[in-house]
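Encoded as structure tokens, the structure appears first; notes follow it.
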Amino acid sequence: MDRMTASPGRRVLLAAPRGYCAGVDRAVIAVEKALEQYGPPVYVRHEIVHNKYVVQTLEKKGAIFVERTEEVPPGNIVMFSAHGVAPVVHEEARRGRLATIDATCPLVTKVHKEAVRFAKEDYDILLIGHEGHEEVIGTSGEAPEHIQLVDGPGDVEKVEVRDPNKVVWLSQTTLSVDETMETVDALKEKFPQLVSPPSDDICYATQNRQLAVKQMGAQADLVIVVGSRNSSNSKRLVEVAKLAGAREAYLVDFADEIDEAWLEGVTTVGVTSGASVPEVLVEQVLEWLAQRGFEDVEIVKAAEESITFSLPKELRRDLREEAAALVAERGGAGSGEPAAE
């Protein structure tokens with residue numbers, strides 16, 4: 001449609017920071033580098049990050065996404081997603097004669113290490129997170145006999161531990177800060193000696209994006225969060241926006257999912273994006289809004305971000321050669337599947 005003239009009363013508040021965090025950037029570049037160095041196919045266990053556009057883009061370049069390690073033919077390369085995996089998955093890859101690249105976000109790896117340490121010290125570990133989320137499954141797998149999931153304050157009543165003086169809480173990295181602390185407060189009321197992790201488990205990017213939305217939501221009639229429905233941190237941004245005072249907040253993957261009816265009676269639209277969302281999708285939303293008279297864009301800045309992570313060390317090796325050697329030393333490709341060339 002033709003661009004409408006900007007209305008003096010209409011404006012967009014654009015959150016900063018937004019979009020890609022350091023862990024997501026590292027994981028996506030890792031897939032691209034693996035495809036460039038080793039050629040397709042490169043298999044990825046689960047979505048590398050929770051974003052539809054990113055997954056579709058990488059598929060076009062030759063990445064193959066699978067749900068289970070056993071789906072990868074012997075002699076191939078498999079990458080583990082940014083959300084992390086349990087030790088049993090590494091063992092599955094070894095048995096399957098696969099070369100592996102671990103693209104787990106370093107901040108998730110930190111939580112895994114905390115789980116292992118506290119389990120060795122024989123603590124009961126209360127993991128605050130959402131049931132079924134890949135990150136929760138991976139962390140729980142580090143010490144399944146010591147970890148129990150607490151999915152929000154409503155779960156606290158049913159929590160039982162062996163020794164109330166030896167209990168620690170950890171959390172999924174992509175939760176709402178406020179909701180997590182509400183759960184922690186409820187746990188502390190039940191277990192006064194509850195130990196906290198040595199540093200925040202909720203990652204810097206999740207916290208910063210929520211802080212920007214809190215500042216923006218108080219001024220916005222409508223908040224549009226760009227992100228996929230299976231993205232925990234994106235869904236939390238919608239919740240945070242509503243709690244901050246936005247009249248409405250919606251999650252969209254693409255600009256064409258926005259309903260024009262949402263703009264009725266709206267003068268201020270807040271825009272942000274989850275930590276796994278490339279900036280091109282935000283630009284498309286801003287263009288869509290500009291065509292409807294929302295050309296005025298103001299930045300709402302909550303924090304500066306400069307963190308970067310180095311790429312997985314496995315990318316420095318010849319993984320095709322390693323995968324072929326694994327097949328050769330264990331008696332052929334197996335299952336009638338040829339090894340990758």
Side-chain angles (χ1 to χ4, degrees), residues 1-21 24 50-53 152 174-182 202-305:
M1 62 179 288
D2 293 333
R3 182 180 295 276
M4 294 170 59
T5 306
S7 167
R10 291 177 177 174
R11 62 176 180 157
V12 173
L13 299 179
L14 182 60
R18 63 185 175 276
Y20 272 13
C21 63
V24 164
H50 285 156
N51 185 265
K52 188 186 292 186
Y53 176 88
T174 56
L175 300 181
S176 154
V177 177
D178 293 338
E179 185 187 350
T180 301
M181 295 320 297
E182 187 183 339
I202 297 177
C203 86
Y204 77 94
T206 298
Q207 295 189 50
N208 288 345
R209 280 148 192 72
Q210 289 177 15
L211 184 59
V213 167
K214 280 182 182 179
Q215 294 178 10
M216 186 176 72
Q219 306 174 58
D221 304 308
L222 166 70
V223 171
I224 295 171
V225 178
V226 186
S228 293
R229 281 156 185 76
N230 63 340
S231 165
S232 176
N233 77 86
S234 297
K235 289 194 291 188
R236 300 294 82 75
L237 291 175
V238 173
E239 295 167 4
V240 169
K242 289 178 179 177
L243 288 169
R247 198 169 70 207
E248 272 302 346
Y250 296 99
L251 183 65
V252 300
D253 263 301
F254 305 104
D256 61 12
E257 294 176 7
I258 303 171
D259 188 338
E260 293 208 36
W262 298 348
L263 299 179
E264 287 178 17
V266 167
T267 56
T268 301
V269 179
V271 174
T272 189
S273 57
S276 49
V277 178
E279 186 64 9
V280 62
L281 300 182
V282 175
E283 290 168 359
Q284 289 169 4
V285 167
L286 294 176
E287 176 64 21
W288 188 96
L289 288 167
Q291 290 173 350
R292 287 151 182 85
F294 290 84
E295 291 183 330
D296 227 356
V297 178
E298 300 173 26
I299 305 295
V300 177
K301 189 169 224 172
E304 294 278 355
E305 290 183 354

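All heavy atoms count here, side chains included; hydrogens, waters and symmetry mates do not.
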For the atom pair [atom1] ([X]) and [atom2] ([Y]), what is the distance rounded to the nearest 0.5 Å?
{"X": "S276", "Y": "H50", "atom1": "OG", "atom2": "NE2", "value": "8.0 Å"}
{"X": "I224", "Y": "L237", "atom1": "CD1", "atom2": "CG", "value": "13.5 Å"}
{"X": "L222", "Y": "Y250", "atom1": "CG", "atom2": "OH", "value": "7.0 Å"}
{"X": "T174", "Y": "Q207", "atom1": "OG1", "atom2": "CD", "value": "12.0 Å"}
{"X": "R209", "Y": "R236", "atom1": "CZ", "atom2": "CZ", "value": "15.5 Å"}
{"X": "C203", "Y": "L175", "atom1": "SG", "atom2": "CG", "value": "10.0 Å"}

Heavy-atom side-chain proximity of [X] to [Y] below 4.5 angstrom:
{"X": "Y204", "Y": "C21", "result": "yes"}
{"X": "R247", "Y": "W262", "result": "no"}
{"X": "E298", "Y": "L14", "result": "no"}

Quiz: residues 277-284 side-chain donor-acceptor pairs under 3.5 angstrom, not counting sequence neighbours:
residue : atom : partner : partner atom : Å
E279    : OE1  : R18     : NE           : 3.3
E279    : OE2  : R18     : NE           : 3.2
E279    : OE2  : R18     : NH2          : 2.8

Practice item. Can you sort out the partners of K235 under side chain to side chain donor-acceptor pair (under 3.5 Å), two or more places apart, ordered by chain and number? Key: none
**Study point:** Residues in side chain to side chain donor-acceptor pair (under 3.5 Å) contact with S231, at least two apart in sequence or another chain
**Key:** N233, S234
Which pairs would a plain distance check flag for residues 212-219, meaning a side-chain donor or acceptor within less than 3.5 Å of a matching protein atom at least two apart in sequence or in another chain?
residue : atom : partner : partner atom : Å
K214    : NZ   : D178    : OD1          : 3.2
K214    : NZ   : D178    : OD2          : 2.9
Q219    : NE2  : Q215    : O            : 3.3

Over all heavy atoms of both residues, which pair between [X] and [Y] is shortest? Give the atoms and the distance, please.
{"X": "E179", "Y": "G152", "value": "OE2-CA, 4.2 Å"}
{"X": "N208", "Y": "A302", "value": "O-CB, 4.1 Å"}
{"X": "T180", "Y": "S176", "value": "OG1-O, 2.8 Å"}

Exercise for review: Keeping the roles fixed (side chain from Q210, backbone from V240), state whether a donor-acceptor pair exists under 3.5 Å.
Suggested key: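 Flag not set: sc Q210 to bb V240 has no pair under 3.5 Å.
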Donor-acceptor contacts, no H, no angles, side chain residues 265-272, under 3.5 Å, sequence neighbours left out:
residue : atom : partner : partner atom : Å
T267    : OG1  : D221    : OD2          : 3.1
T268    : OG1  : R11     : NE           : 3.1

Review point. With sequence neighbours excluded, what pairs up with E257 under the side-chain contact (heavy atoms from CB on, under 4.5 Å) test?
Key: R229, V252, D253, F254
